[in-house]
Amino acid sequence: MYIIGNLSIYLALILSVYAFASLFLGIKKQDQRLIDSGRGATLAIFILASISMLLMFILLGTSQFQFEYVYQYTSSDLPLLYKLSALWAGNAGSLLLWTFFLTMYAAMVGYSKKMVRNPMTPYIIAIMTLNTIFFYLILAFVTKPFMLLDGVPPEGRGLNPMLQDPGMILHPVAIYLGYVGLVVPFAFAIASLILKNMDSFWVKMTRRWTIIAWVFLTLGNVIGGYWAYTELGWGGYWAWDPVENASFMPWLTVTAYLHSVMIQERKNMLKIWNLSLIILSYALTLFGTFLVRSGVLTSVHAFGESNLGAYFLIFMAFMVILAMYVLMSRYHLIKKDTGQFESFLSKESSFLINNLILLGGTFAVFWGTVFPLVSEAVRGTKVTVGIPFFNTVMSPILLALLFIMAVCPLIAWQRSSMKNIRDNFLIPAIISLVIAGLLVFMGIRDAYPVIAWSIIAFMVLTHITEFIRGTSARRKVTKEPVPVAFYNLIIRSRRRYGGYIVHLGIAIMAVGIVGANFDLERLETMEIGDSVEIGGYTVTYENLAQRSEGVNDIVYANMRVERDGRDLGIMQPERMFYLNWEEPSTNVAVRSTLRDDLYIVLSAWEEDQRATFQFKVNPLVKWVWIGTYVLVIGAVFAVWKGRYGNVTPRYAGPQRKVY
Amino acid sequence: MTKNTKVILGGCAVFLSIMILLITATPASSGSEISILEAKINESQYEGRYITTEGFLVNGSVDWEPDTIELRFTLEDEDGNELDVYHHGVRPDNFSDDVIVIVHGFLNDGILEAEKVQTRCPSAYEGEDPDNYDPDFHRELLRDDKEDGS
């Protein structure tokens, strides 16, 4: 096993170097045989990566503790699912997973039917192979997954209990799929630059890839937040931790990219901007990895200290310099056929503003994340900017974005008149003002939530208007009944209406995010029989008890919950004590409704059964999770292959002898 | 003025306002990471400012009042400089003798009123628990070990 494992790594490294060299030479000499050989090598690398993965799963699943990785991250009493998911608990394994996805994507692009006989393909797989080489260098020399220990330990160290959670099975996989997914549009962009193909072919070809990567990034972030909410017990889902920021920044830039490429497709504008955005997004995925793996910033995620981060930084610098060089050397060509803005009040300019705000947000997050490093370098003291900084800066940015989202879909391409704006916005604007009034009437006096919810309402209404107008316009022509017309409308322009559904998902999430302004918190030490009132709930502490679950012990409290005199049952906040882990972990009790979450943490207890609890009422949190579902549905709808408008873009760039 | 310039100007305005937002928000919500010694010497300088510091928990200094949910304890550094801490909240996990404690809060009359108390454990599991891992500390620990050995 040891030999096969290491062989699969080293062989893949050699093959990836070979693949790159062969593609490079093939392009240079215009020799099809070399190109085909390189392409074949990418497939072989993918097979080798699959073997490494399979082997690692077998080792983990069968608890082969003589392997260092298995020993470090599992123990024999773990459920099989967590034994397997320990593959991405440590550095070596998670990089193996990343490499596996990367080689899979490279093989998928190399053998894509749409890219057959396309001269871009060798360039694209060569660029992706550069990434593969880097990852295999790391796997072969820095963090080796298949290391043997001197003896066979009877038992492993076990998996950190915080990672024994369904969220932690999915979160890393989703994040990596998002990160790796961005390599594809990056490689397409650079390949088309090298080939001096200045049209939007690469944008059209990678639209699906990018949206899917974006969805995984979104999912990764939200699942991570959900995990923090239920597992860490501090009462929230987002703390602006450096590592959260690391995966949030590429999300922001990709969101900007997905919008600005629409302008390029339609108007042939913003080409350099889009190229820069995709290079930036790609670079941010590597930068994020650098932050997480280097330990330069204190964070909940910090992997064990290693110089791994430095390698990522070097690789990032290399790729960015390469990309910038290619971009600069083609600058005059791109500039030559770029379109012009035709009106200040147009979809193009509103997209541009959306982009600027998203990028400004990215910069704000970046600034807050690296500020301790910068201040330490400049002034010698680590100055940290806390959660308040991010909240002050990002709240107006969120509001501005929501407003742009409300306005943008209704502004026509090229030029909008005042009349057209009045027709589209009057009714939604009036209704949202009424909603603002109602909110104030209901007793909400803070400016921010009232403004935010009104803007969200405005945005939802303009989107609904858009659906209604489309349907009725269709009915005028076809005379179909409403549901049929509606169905035919959205099925025929998936991109547009899928996008709108994503917007609605964001709106639902935003409702929940703004709800965080109204959270209530109480910290109470209670005797048995005591009751606490919080946010309309009455919680009674009934008793403290203990039970065993496998080899672990759980101390829990029975809390009876009532609301408006109605009995809502028992909630059980727990503390779990592990045989194989020194620290206990918190299992939060959450009762979730659309209106609010009641969140109880058992913090401490005394010998006389007095216990200290943390109670929180978090309004509207569930909306964040629901919004995410809607967003995913919208995005999947937008990229789903349908009968309509599903044309493969035609390659019209320069031809080469090899493909 | 061409349409392009107009749009670019509008864009600049957006970006500029975000920058202003950034710069104004930074000082108000920043804090400093300082040592116990610094907190002692420059007490007046840090008075009322949000600081982060860390030290070893002094044996037997923990005073926990469950009914009022008040926690008082003392931290010391390697040279024996001490800092009293008050925290309205519960004991964090692993709050036992000789553990390393990180506190975030405001310095008031020589007492640190901590908003957040975290522990870091110098046990055999170092580097394993992502929550409590601090590279600098372990580097020092390693260095100390080597010095002890020589």
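These numbers were taken from a predicted model, which means no experiment stands behind them. Just so it is clear, the values below take in all heavy atoms, side chains as well, and ignore hydrogens, waters and symmetry mates. Below, read A as the first sequence line, B as the second, and so on, with proteins coming before strands; counting in each chain starts at 1.
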Practice prompt. Please look at A:Pro161 and chain B and tell me whether the side chain, the backbone, both or neither of the residue comes under 4.5 angstrom of a heavy atom of that chain.
Written response: neither
Discussion item. Tell me the closest heavy-atom pair linking A:Leu523 and B:Gly89, and the distance in Å.
Written reply: CD2-CA, 3.6 Å
Worksheet entry | Flag side-chain contact, heavy atom, 4.5 Å: A:Arg610 against B:Asp67 | yes
Practice prompt. Tell me, yes or no, whether the heavy-atom count around A:Phe403 atom CZ, taken from other residues, nucleotides or ligands under 6.0 Å, exceeds 12.
Written response: no
Worksheet item: Looking only at heavy atoms, which two atoms of B:Ile69 and A:Thr612 are closest? And how far apart?
Response: CD1-CG2, 4.0 Å
Practice prompt. Tell me, out of A:Asn355, A:Val393, A:Asn391, who's got the most heavy-atom pairs with chain B below 4.5 Å.
Written response: A:Val393
Worksheet item: Heavy-atom distance under 4.5 Å between the side chains of B:Met19 and A:Trp367, does that happen here?
Response: no
Fill in: Inter-residue atom distance B:Leu22.CG - A:Phe366.CZ, 0.5 Å rounding
12.0 Å
Worksheet item: How long is the gap from CD on B:Glu65 to OG1 on A:Thr525, to the nearest 0.5 Å?
Response: 10.0 Å
Fill in: Minimum heavy-atom distance A:Leu356-B:Val14, with the two atoms named
CB-CG1, 4.1 Å
Worksheet item: Between A:Ser375, A:Ser585, A:Ala604, A:Ala364, which shows the greatest number of heavy-atom pairs under 4.5 Å with chain B?
Response: A:Ala364
Practice prompt. Give, for atom CD1 of B:Ile18 and atom CG of A:Leu359, the distance between the pair rounded to the nearest 0.5 Å.
Written response: 8.5 Å
Worksheet, complete the sentence: In terms of heavy-atom pairs under 4.5 Å with chain B, the winner among A:Ile357, A:Ile397, A:Val383, A:Thr586 is A:Val383
Item to complete: Please report the closest heavy-atom contact between B:Arg91 and A:Trp605, naming both atoms and the distance.
Response: NH2-O, 4.5 Å
Worksheet item: Taking every heavy-atom pair that is under 4.5 Å apart, which of B:Ser32, B:Pro66, B:Ser17, B:Ala13 has the most such pairs with chain A?
Response: B:Pro66
